[in-house]
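Comments concern the structure below.
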Number of protein chains: 2
Amino acid sequence: MATIKDIANAAGVSLATVSRVINNGPKVGDKTRERVKKIMVEMGYRPNANARALVTQKSASLGVVLAELLDPFFATLAHGIETVTRRHNVQILMSAGSIEKKTELKAIETLLEHRVEAMVVHSKALDDDTLIEFARQVPGFVLINRYIPEISNRCVWLDNVAGGRLMAEHMIRSGHKNIAVISSRYQIVDPIQRIDGIRQAFEEAGLSLPESSIEYATPDQEGGEKAIQNLLAKSIPFTGVLAYNDAMASGAMSMLQDHHIDIPGKVSIIGYDDVLLAKYCRPKLTTLRYPVEMMAAKAAELALQYASGQPPEDGVTFKYTPTIVKRESVLTI
Amino acid sequence: MATIKDIANAAGVSLATVSRVINNGPKVGDKTRERVKKIMVEMGYRPNANARALVTQKSASLGVVLAELLDPFFATLAHGIETVTRRHNVQILMSAGSIEKKTELKAIETLLEHRVEAMVVHSKALDDDTLIEFARQVPGFVLINRYIPEISNRCVWLDNVAGGRLMAEHMIRSGHKNIAVISSRYQIVDPIQRIDGIRQAFEEAGLSLPESSIEYATPDQEGGEKAIQNLLAKSIPFTGVLAYNDAMASGAMSMLQDHHIDIPGKVSIIGYDDVLLAKYCRPKLTTLRYPVEMMAAKAAELALQYASGQPPEDGVTFKYTPTIVKRESVLTI
DNA sequence: TTGTATGCGTTATCAC
DNA sequence: GTGATAACGCATACAA
């Protein structure tokens, strides 16, 4: 591949001049500039991003660490980031971390080796200290969907406790008393906080939430099916189900319908995330809107700001709150 | 950030020695090796991937160009690629190209500037010649979901004509005669080929497919809704619908159900892709299995092979064929 | 076994 | 306006 040197030779000028026309440098004669440009396209010149990154000490690229591309939730997240990197002419370096300590660490470190200047990280497996240390090292390090007090200005997160409360309150206000919960089996902070919120709402309503009414499974449709099966198997009586996310809710609905249990006639159900699925399953799913895309865009924006040395004013915080989206899966009794 | 030089100074050895221990080079004394290693972790040394790429002329990264991360189809594709890059310890550089000539071109060129050695490209907007030229320039250039005869050994693609035939044949064999088609409004090759296949099956069955029975819309759920609305508005009689993809099928089902038209009682429908959606909508969608993930993995594998100078034997080709997945959305009449 | 020197493709700082 | 030239961080051929 042609280098700047080849161009210089071909054009009969020096490296420096070529470099200037590439970067629209100021002091170049109009005719030399044209000539060099012409030769560049002729020879199919393409600047070498690696060399450039090496000398300028910046990479014009943003690293992304997320758990699992297959999950529509993460796909949405990635999309949110993509909208801003595109606007800023920044490349995305993507690493998947599958919610395992080792893999997440590896993902971040690889990105660091590439000297990305900004980084949006979705980490659930790594502990606070490790992440704080990374934040210290990398100016453009931003966490998404996680809150760590020590680096609160680097966190873009959702208030999951509020979310849990919200869904429980809606179910209770709709007249339900026997309410089951299907949650994620991954003992990360999200499901725990959501259940905390649910518990708060239950207590205020004078209800209790026994452990037997909570089923844990993988946070996908299959997990939703399994969780409902277990609930049915245990003969737990319930007219309401609070799901960890829309995928689980959809799996649960699917399974209930296979058992000819009408939704919302016999059982009401509330999801979480408001991914596309929620709108297109039958009955349409009542759920919590999780503004992932907006949050992801914010996180990318933020990472780029920090990287360029223009951090937002001190004391700002990036907490988002879910809202309820009422559709058809909850019956008022 | 600490460089190889810092380590050398701290350890009292030369650059070369440090470089050797980093790359597990052969001729290093055991105790110096240990000492250097220790210092490296102490100082938190991280090799600079840019510098390394510059000198070795290889980047250990694979570029990916796809249309739209939000689409579950592409998310699956990305996931397929990710499984193999992870195994090969290769970074993913991701660019979205949104089916526009300019954007797709830009995406590829940015990747090229980063000197990725391998590249999996999903391009629908660029013309054959442009892509052939790229393939000539980049050894590890592989196309996915597109077939160009001149570079057939760089194409991993699905036989869309066969797919179209297959879905039409199944619908016809189930006794349907009035069959409508909802297709993608993007005039890329895929929808055209699928309709070609459908036409072939129709002709063989002595049926015809008037243009009025085909509706074009965006290839998503919303498009599916609109397409069905138009069909209903035009009072086209149909008992069967062939959809461009599962998303459109799902939108169509949704809209039909809103009009209290029973599926498959009144209208049968067949999708395309077999994304998760198909399994979880109600009724479960009969559709064509599109082995995207497998194909994406193959494409990544292939790109890496070509890049490392070990191309598969000549004359091989990577055509995949869709198969039908019978579920609940088709009624035999 | 270890060290020295050179170059990868750029940008940037000087001179001219 | 233009041209040498020194970095950037690393790998490697060649010396020692």
Side-chain angles (χ1 to χ4, degrees), chain A residues 1-37 39-40 43-61 91 109-117 137-138, chain B residues 1-37 39-40 43-61 91 109-117 137-138:
Chain A
M1 186 147 302
T3 76
I4 216 175
K5 200 171 170 183
D6 302 327
I7 308 292
N9 285 140
V13 296
S14 73
L15 298 185
T17 304
V18 180
S19 179
R20 285 190 192 99
V21 341
I22 292 175
N23 301 296
N24 288 316
K27 315 196 146 214
V28 183
D30 278 355
K31 47 188 184 195
T32 32
R33 163 164 283 144
E34 285 321 307
R35 187 156 44 94
V36 170
K37 274 193 175 172
I39 295 189
M40 288 202 309
M43 304 185 64
Y45 171 74
R46 263 184 256 288
N48 183 322
N50 293 315
R52 190 176 269 173
L54 188 57
V55 56
T56 61
Q57 305 282 33
K58 45 193 63 176
S59 63
S61 59
Q91 257 296 309
E109 293 197 313
T110 317
L111 257 21
L112 249 31
E113 292 183 1
H114 282 264
R115 300 294 188 272
V116 295
E117 38 189 329
Q137 286 177 35
V138 187
Chain B
M1 186 147 305
T3 75
I4 216 177
K5 200 171 170 184
D6 300 328
I7 308 291
N9 285 140
V13 296
S14 74
L15 298 184
T17 305
V18 178
S19 179
R20 286 189 192 100
V21 341
I22 291 175
N23 301 296
N24 287 315
K27 315 196 145 213
V28 183
D30 279 357
K31 49 189 183 193
T32 32
R33 162 164 286 145
E34 285 320 307
R35 187 156 42 93
V36 170
K37 274 194 173 171
I39 295 189
M40 288 201 311
M43 303 184 64
Y45 171 74
R46 261 184 258 287
N48 183 322
N50 293 315
R52 189 176 271 173
L54 190 56
V55 56
T56 61
Q57 303 283 33
K58 44 193 63 177
S59 63
S61 58
Q91 257 295 309
E109 294 198 311
T110 319
L111 256 22
L112 249 30
E113 291 184 1
H114 282 263
R115 298 295 188 272
V116 294
E117 36 187 331
Q137 286 177 36
V138 188

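Letters A, B, ... are given to chains in the order of the sequence lines, protein chains preceding strands, and every chain is numbered from 1.
When all heavy atoms of A:Asn50 and B:His114 are compared, the closest pair comes out as ND2-O, 3.5 Å.
Applying the side-chain contact (heavy atoms from CB on, under 4.5 Å) test between A:Tyr45 and each of A:Met1, A:Met40, A:Lys37 identifies A:Met40 as the sole match.
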Which atoms of nucleotides 4-9 of chain C (N or O only) lie under 3.5 Å from a protein N or O atom, and what are those distances?
{"residue": "C:dC8", "atom": "O3'", "partner": "B:Gln57", "partner atom": "NE2", "Å": "3.4"}

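Looking at heavy-atom distances under 4.0 Å, B:Asn50 makes no contact with the nucleic acid at all.
Counting only residues at least two apart or on different chains, no salt bridge (Lys or Arg N to Asp or Glu O under 4.0 Å) pair has a member in residues 7-24 of chain A.
Listed by chain and residue number, A:Ala2, A:Asp6, A:Ile7, A:Ala10, A:Ile39 satisfy the side-chain contact (heavy atoms from CB on, under 4.5 Å) test with A:Met43 (two or more places apart in sequence, or in another chain). For B:Leu54, the side-chain contact (heavy atoms from CB on, under 4.5 Å) partners are A:Asn48, A:Ala51, A:Leu54, not counting sequence neighbours. Under the rule for a side-chain hydrogen bond (donor to acceptor under 3.5 Å, both in side chains), the partners of A:Ser14 that lie at least two apart in sequence or sit in another chain are A:Thr17. Under the side-chain contact (heavy atoms from CB on, under 4.5 Å) criterion, A:Leu15 pairs with A:Ile4, A:Lys5, A:Ala8, not counting sequence neighbours. Among residues two or more places apart in sequence or in another chain, the side-chain hydrogen bond (donor to acceptor under 3.5 Å, both in side chains) test is passed with A:Arg46 by B:Glu109, B:Gln137. A:Ser61 pairs by the side-chain contact (heavy atoms from CB on, under 4.5 Å) definition with A:Ser59, A:Gln91, A:Leu93, A:Val116, not counting sequence neighbours.
Taking 4.0 Å as the cutoff to heavy atoms of chain B, we find the contact window on DNA chain D bounded by D:dG9 to D:dA13.
Contact between the side-chain N/O atoms of A:Ser19 and the OP1/OP2 oxygens of C:dT10 is not found at any separation under 4.0 Å.
Proximity of B:Arg35 to B:Val21: side-chain heavy atoms (C-beta onward) are nowhere separated by under 4.5 Å.
Recorded end-axis angle for the helix from C:dT1-D:dA16 to C:dC16-D:dG1 stands at 40°, based on five pairs per end and rounded to 10 degrees.
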